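Report on one structure; see the data block that follows.
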Amino acid sequence: MADAWVPQRIYIAGPMTGLPDNNYPAFHDAAARLRKRAWHVENPAENPVPDVNDNCSWTAYMRMGVSQLMTCHAIYLLPGWQQPTGASLEYMVAKQLGLAVYEHVKQDDVLQEQLQQLASKPSLRPEQPPIPA
């Protein structure tokens, strides 16, 4: 019996610090789009608030995020990812791990095309067994 297809994991990275609502709406929008395309999404905007004092919160969030990133096959970069220290660090880790890198584009059809290319690679998405009659 063939193994069941397992969705590929993708981590969302982008600017948060100093932005309204920590830019969570952009993270949630990207997560919803990726989930519609059968990705297992690691969204740092969904992480719990770390139980640390304010001086350590950035470090605690980064530890959670990098831990999540290390379980993924790809990273999805939101606009402005180059500026924040956190997202650029996550990008560097992803590159060193050999993850696929996708940058956000405004046209949904281009995003869909890029993600379908990755999902169609046989080594990444084995065919699902036919549904028995």
Side-chain angles (χ1 to χ4, degrees):
M1 180 171 175
D3 292 331
W5 178 75
V6 177
Q8 297 297 293
R9 298 172 76 92
I10 192 164
Y11 181 86
I12 301 172
M16 288 184 166
T17 305
L19 294 175
D21 296 322
N22 290 316
N23 204 24
Y24 283 9
F27 280 79
H28 295 315
D29 180 61
R33 287 173 177 240
L34 293 164
R35 287 178 176 132
K36 283 182 185 176
R37 289 165 179 82
W39 284 90
H40 175 98
V41 177
E42 292 296 333
N43 179 1
E46 296 171 351
N47 288 346
V49 176
D51 187 24
V52 296
N53 66 44
D54 288 340
N55 294 334
C56 299
S57 65
W58 184 85
T59 302
Y61 275 114
M62 286 305 301
R63 286 176 186 248
M64 279 190 279
V66 170
S67 294
Q68 289 172 292
L69 174 62
M70 293 178 69
T71 69
C72 293
H73 303 96
I75 187 170
Y76 183 80
L77 303 168
L78 294 174
W81 69 267
Q82 303 93 330
Q83 302 306 315
T85 306
S88 58
L89 174 64
E90 291 163 340
Y91 168 77
M92 288 188 297
V93 170
K95 289 295 285 182
Q96 289 299 314
L97 293 174
L99 304 186
V101 177
Y102 296 95
E103 286 195 59
H104 174 82
V105 291
K106 298 218 181 265
Q107 299 87 5
D108 191 46
D109 56 335
V110 175
L111 170 65
Q112 184 175 6
E113 180 183 326
Q114 289 177 337
L115 296 176
Q116 282 178 344
Q117 286 174 358
L118 179 66
S120 68
K121 291 183 181 177
S123 62
L124 296 178
R125 186 175 183 174
E127 289 187 26
Q128 296 179 7
I131 299 173

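Here the structure is a predicted model, which means the values were calculated and not measured. All heavy atoms count here, side chains included; hydrogens, waters and symmetry mates do not.
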Practice item. Please answer: with hydrophobic residues joined when any side-chain heavy atoms are less than 4.5 Å apart, are Met16 and Leu19 in the same cluster? Key: no
Study note, to complete from the structure: With sequence neighbours left out, the residues meeting side-chain contact (heavy atoms from CB on, under 4.5 Å) with Ala30 are Ile12, Tyr76, Leu78
Check your understanding: In terms of hydrophobic clusters joined by side-chain contacts under 4.5 Å, are Met62 and Met92 together?
Key -> yes
Practice item. Supply the atom-to-atom distance Asn47 CG to Phe27 CZ, rounded to the nearest 0.5 angstrom. Key: 10.5 Å
Exercise for review: Check whether any side-chain heavy atom of Tyr102 sits under 4.5 Å from a side-chain heavy atom of Leu77, and report yes or no.
Suggested key: no
Review point. Taking only residues two or more places apart in sequence or in another chain, which ones pass side-chain contact (heavy atoms from CB on, under 4.5 Å) with Pro50?
Key: Val52, Ala60, Tyr61, Met64
Exercise for review: Find out whether His104 and Pro79 are in side-chain contact, i.e. whether some heavy atom of one side chain is under 4.5 Å from a heavy atom of the other.
Suggested key: yes
Point to revise | Asp21 (side chain) donor-acceptor with Asn23 (main chain) under 3.5 angstrom | key: no
Point to revise | Polar contact flag, side-chain donor to acceptor under 3.5 angstrom, Trp81-Glu90 | key: no
**Study point:** Minimum side-chain heavy-atom gap Lys95-Val101 below 4.5 Å
**Key:** yes
**Study point:** Any residue meeting side chain to side chain donor-acceptor pair (under 3.5 Å) with Asp29, in chain and number order, not counting sequence neighbours
**Key:** Arg33
**Study point:** Partner residues of Glu42 under the side chain to side chain donor-acceptor pair (under 3.5 Å) criterion, sequence neighbours left out
**Key:** Arg9, His40, Gln68
Practice item. Provide the closest heavy-atom pair for Ala94 versus Leu69 in the form atom of the first, atom of the second, distance. Key: N-CD2, 4.1 Å
Check your understanding: Does the side chain of Thr85 reach to within under 4.5 Å of the side chain of Trp58, using non-hydrogen atoms?
Key -> yes
Study note, to complete from the structure: Arg35 meets the side chain to side chain donor-acceptor pair (under 3.5 Å) criterion, sequence neighbours left out, with Glu46
Review point. Can you name the closest pair of heavy atoms from Gln8 and Trp39 and give their distance?
Key: O-CE3, 3.1 Å
Practice item. Quick one: closest heavy-atom pair of Ala13 and Ile75, and the distance? Key: CB-CD1, 3.8 Å
Exercise for review: Determine which pairs satisfy salt bridge (Lys or Arg N to Asp or Glu O under 4.0 Å) with at least one residue from residues 58-77, sequence neighbours left out, and list them in order.
Suggested key: none
Check your understanding: To the nearest 0.5 Å, how far apart are CG in Asn43 and CG in Leu34?
Key -> 9.5 Å
